[in-house]
Amino acid sequence: MDRPLGSVIQGSLSEGLEVRLHPDVSVEEMRVGKFLVVQGMRSRFFCMLTDVSLGTSSQRIFANPPAPEDDFLQSVLAGSGTYGTIKLSPMLMLTETEGLSPRVVLENGNLASLKANTNAAIELLPVKTIPSHFSQVYDASEWDFRAVFGWEDDPHRRNFAIGQPLDMEVPVCLDLDRFVERSNGVFGKSGTGKSFLTRLLLSGVIRRQAAVNLIFDMHSEYGWEAPCEGKTFSTVKGLRQLFPSQVQMYTLDPASTRRRGIRDAQELYLSYDQIEVEDLALVQRELNLSEASLENAIILRNEFGQSWITQLLAMDNEEIQQFCEERRGNKSSIMALQRKLIRLDDLKYIRNSCPQNYVSQILESLQSGKHVVVEFGSQSNMLSYMLATNVITRRIHADYVKKSEKFLQSKNPIDKPRQLVITIEEAHRFLDSATVRSTIFGTIAREMRKYFVTLLVVDQRPSGIDNEVMSQIGTRITALLNDDKDIEAIFTGVSGGQSLRSVLSKLDSKQQALILGHAVPMPVVVKTRPYDATFYREIGDAAWEEQPTEVVLQAAESAKADLGF
């Protein structure tokens, strides 16, 4: 039988449980984020450790503590006069139903029997009560984690092991079907490994075929390869290397992509007639556009249709004056709009007209089950990134809306669109309170799975995202955050979030994350899975050594040159 760690001495459903540790248990063994279980009379409670404190039975010990060298008196007081207490936040209740006892499965150590009997023998419920006084507290066992988070090779669910608990070697799995059906977020301050976490998640979605992905790769980190932090230069594989037959790359800067040794990326261009007034409203701050300029842009669009930007850039002063007289436009606002839109000529992927519709090509790739990475190369400034992602996403979403409406009418599984996950970085720039209502990303975040399109937002400032949108984020995977506003934003719309604030603020700066929301049964702190050669083998696609040698060497040398090595 497991060794009991302590006894419940008081608590409430809203404030959590207070546990006094037994004398033989060191308080230093208790760490914030640890996963513990409380054995009640009828149920087993899964809890997270949220605080650790020291207590004494007498004020005299405060006034006259034993001398540092008096080991005898210290050991006499330990456990009776002095003791440790911990604060637990109950997350789930496990209630035995008719059938095999879960404890029997644990003692027999038969994992196959556990898989066969878990669903029939136990029931996981939200916490609606608390255990009685003096209920015993135990370390969570492997069986406990299996019962709550499942196993990766479950034939009935698309599970993906995202990491392990802090003090155990047992996988913590995400339910990818639940993960992709709502919008999700990866948060953490700069340098905490958000990109590595995102690559893990995307690899899992691709491996388990839970959805197709459209990734807007602002810093060229997800496609071919990405540099690692460390004393010596090294790189990790991107999604194209891990899944060469399933991932396609498009580039908005072909020259930059070729310099890094990537030969099979397809070029992507956008034309002026694909840019609408709503796209300019999103980059209003970057272009320094006034409200009057946007209002006159609507007048121009109503007159010239899709070619309004081309027509505007070709107009001289006299033509602008004549247009304003005929259509009641404001000359100074239109001239200012013309001057500022000339900046779009500096974007390498903008053309007056395109010989083909590249967005339609991306749609065809997604519909055929291919995952698409759009690289920006040197075109990664905020104006370029926000404009391109909005233009492309708006057209893809419009196509998905049509397909979804057709499916809802026909009910034919053949007409059902593939679930699509769109990954964006610097998400607060698209989803802040000032612009969220006018961007396609705000629409997608609010609609959730209505049209089979969801978001995976990657951001270091979650406090910049509109509260309504944050409340719709299904699963939140959060690395270390220090800012109080950012920490508060993570728990927007989360019941009992206050008890987890201390857990989040105590995470290590690398390879640790708090996971909570729709894809996990309860909040849990994990040591995230390493993104390394072992992971490459487990994910089951082509190895680095199998790539053409000249491509690998050329890519490495180009990356070193770009980074100044």
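- When all heavy atoms of Gln338 and Ile320 are compared, the closest pair comes out as OE1-CD1, 3.8 Å.
- How far OG of Ser509 is from NZ of Lys189: 7.0 Å, rounded to the nearest 0.5 Å.
- Using a 4.5 Å heavy-atom cutoff, the side chains of Arg328 and Phe323 are not in contact.
- In this structure, Glu425 contributes its side chain and Val458 its backbone to no donor-acceptor pair below 3.5 Å.
- Ile465 is not listed as a side-chain neighbour of Asp432, based on a closest heavy-atom distance of 4.5 Å or more.
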**OP:** Begin from the C-alpha positions of Gln248 and Ser365 and carry the test side-chain hydrogen bond (donor to acceptor under 3.5 Å, both in side chains) through to its verdict.
**Re:** CA-CA 8 Å; Gln248 292 184 350; Ser365 297; 2.6 Å; yes
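- By the 6.0 Å and 45° rule, Arg208 does not stack over the aromatic ring of Phe160.
- Proximity of Met386 to Arg285: side-chain heavy atoms (C-beta onward) are nowhere separated by under 4.5 Å.
- Two residues are said to be in side-chain contact when any heavy atoms from C-beta on lie closer than 4.5 Å; Arg461 and Asp486 meet this criterion.
- A heavy-atom distance below 4.5 Å is found between the side chains of Leu201 and Leu174.
- Annotation: side chain of Phe452 is not in contact with side chain of Arg418 (no heavy-atom distance under 4.5 Å).
- Between Lys348 and Glu267 there is no salt bridge, since no side-chain nitrogen of the basic residue lies less than 4.0 Å from a carboxylate oxygen of the acidic one.
- A donor-acceptor pair under 3.5 Å links the side-chain atoms of Asp217 to the main chain of Glu221, judged by distance alone.
- The minimum heavy-atom distance linking Met470 with Arg476 is given by the pair O-NH2, 2.5 Å.
- Counting all heavy atoms, side chain and backbone alike, Gly329 lies closest to Ile334 at CA-CD1, 4.4 Å.
- Residue pairs meeting the ring pair (Phe, Tyr, Trp, His ring centres under 6.0 Å) criterion with at least one member in residues 415-436, sequence neighbours excluded: Tyr385-Phe430, Phe430-Phe441.
- In this structure, a donor-acceptor pair under 3.5 Å is absent between the side chains of Asp279 and Gln274.
- Minimum interatomic distance between Val247 and Leu239 (heavy atoms only, all atoms of both residues): CG2-O, 3.7 Å.
- For the atom pair Ile477 CD1 and Thr198 OG1, the distance stands at 8.0 Å (nearest 0.5 Å).
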Original post:
Do Asp253 and Thr251 pass the side-chain hydrogen bond (donor to acceptor under 3.5 Å, both in side chains) test, and can you show the C-alpha distance, the side-chain angles, and the key distance before you say yes or no?
Top reply: CA-CA 5 Å; Asp253 187 358; Thr251 177; 5.9 Å; no
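- Rounding to the nearest 0.5 Å gives a distance of 15.5 Å between CZ of Arg207 and CG of Leu202.
- Contact record, Leu337 with Ala297: CD2-CB, 3.8 Å, taken as the closest heavy-atom pair.
- Listed for the Ser384 side chain is no donor-acceptor partner under 3.5 Å among the backbone atoms of Asn381.
- Put simply, CG on Leu252 and CG on Leu270 are 6.5 Å apart, with the number rounded to the nearest 0.5 Å.
- You'll find the side chain of Leu341 reaches within 4.5 Å of the side chain of Leu280, heavy atoms only.
- How far CH2 of Trp308 is from CD of Gln311: 12.0 Å, rounded to the nearest 0.5 Å.
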Original post:
Given the rule in the side-chain hydrogen bond (donor to acceptor under 3.5 Å, both in side chains) test, do Asp345 and Tyr272 qualify, once you have shown the distances and angles that lead to the verdict?
Top reply: CA-CA 10 Å; Asp345 282 334; Tyr272 281 125; 2.4 Å; yes
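- Asn184 places a side-chain N or O within donor-acceptor distance of the main-chain N or O of Phe179, the cut-off being under 3.5 Å.
- Under the 4.0 Å criterion applied to side-chain N and carboxylate O atoms, Glu225 and Arg260 are not assigned as salt-bridge partners.
- With salt bridges taken as basic N to acidic carboxylate O contacts below 4.0 Å, none links Asp459 and Arg429.
- Inspection of the Gln419 and Glu181 side chains reveals no N or O donor paired with an N or O acceptor under 3.5 Å.
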Subject >> Audit row: Gln356, Gln361, side-chain contact (heavy atoms from CB on, under 4.5 Å) steps and yes/no >> reply: CA-CA 9 Å; Gln356 54 187 312; Gln361 289 184 12; 2.3 Å; yes
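- Of the possible donor and acceptor atoms, none in the side chain of Ser307 sits under 3.5 Å from a partner among the backbone N and O of Thr310.
- A pairwise comparison of heavy atoms in Ile444 and Val453 identifies CG2-O, 3.5 Å as the closest pair.
- A distance of 5.5 Å separates CD in Gln512 from CG in Leu507, rounded to the nearest 0.5 Å.
- Without hydrogens or angle criteria, Lys402 side chain to His397 main chain gives no donor-acceptor distance under 3.5 Å.
- Using a distance-only test at 3.5 Å, with no hydrogens or angles considered, no donor-acceptor pair links the side chain of Asp466 to the main chain of Leu431.
- Judged purely by distance below 3.5 Å, without hydrogens or angles, the side chains of Gln209 and Gln246 never pair a donor atom with an acceptor atom.
- No more than 12 heavy atoms of other residues, nucleotides or ligands shown are found within 6.0 angstrom of CD on Glu488.
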**OP:** Go through the steps for Ile215 and Val374 under the test side-chain contact (heavy atoms from CB on, under 4.5 Å), then give the verdict.
**Re:** CA-CA 6 Å; Ile215 302 130; Val374 179; over 6 Å; no
Original post:
Checking salt bridge (charged side-chain N to carboxylate O under 4.0 Å, His left out) for the pair Glu295/Arg301: CA distance, chi angles, key distance, verdict?
Top reply: CA-CA 10 Å; Glu295 290 171 0; Arg301 181 196 60 189; over 6 Å; no
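- Judged by distance alone, the side chain of Arg395 and the main-chain N or O of Val359 form no donor-acceptor pair under 3.5 Å.
- Checked against a 6.0 Å centroid threshold, the rings of Tyr250 and Phe216 do not count as neighbours.
- Side-chain atoms of Arg158 never come within 3.5 Å of backbone atoms of Asp177 as a donor-acceptor pair (strictly under, hydrogens ignored).
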Original post:
Hey, mind stepping through Leu282 and Leu387 against side-chain contact (heavy atoms from CB on, under 4.5 Å) and telling me if it holds?
Top reply: CA-CA 7 Å; Leu282 177 64; Leu387 181 64; over 6 Å; no
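- By the 6.0 Å and 45° rule, Lys194 does not stack over the aromatic ring of Phe187.
- Remark: Tyr269 engages Tyr358 in a ring-ring contact (aromatic ring centres under 6.0 Å, His included) (not counting sequence neighbours).
- A salt bridge does not link Lys416 with Glu405: none of the charged nitrogens is closer than 4.0 Å to a carboxylate oxygen.
- Contact annotation: the side chain of Ile275 approaches that of Ile350 to within less than 4.5 Å [non-hydrogen atoms, C-beta and beyond].
- Crowding of Lys485 atom NZ: a count of heavy atoms from other residues, nucleotides or ligands under 6.0 Å not exceeding 12.
- Panel note: side chain Thr393, backbone Asn390; no donor-acceptor pair is recorded below 3.5 Å.
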**OP:** Determine, stepwise, if the pair Tyr531 / Leu242 fulfils side-chain contact (heavy atoms from CB on, under 4.5 Å).
**Re:** CA-CA 11 Å; Tyr531 190 83; Leu242 286 179; 3.2 Å; yes
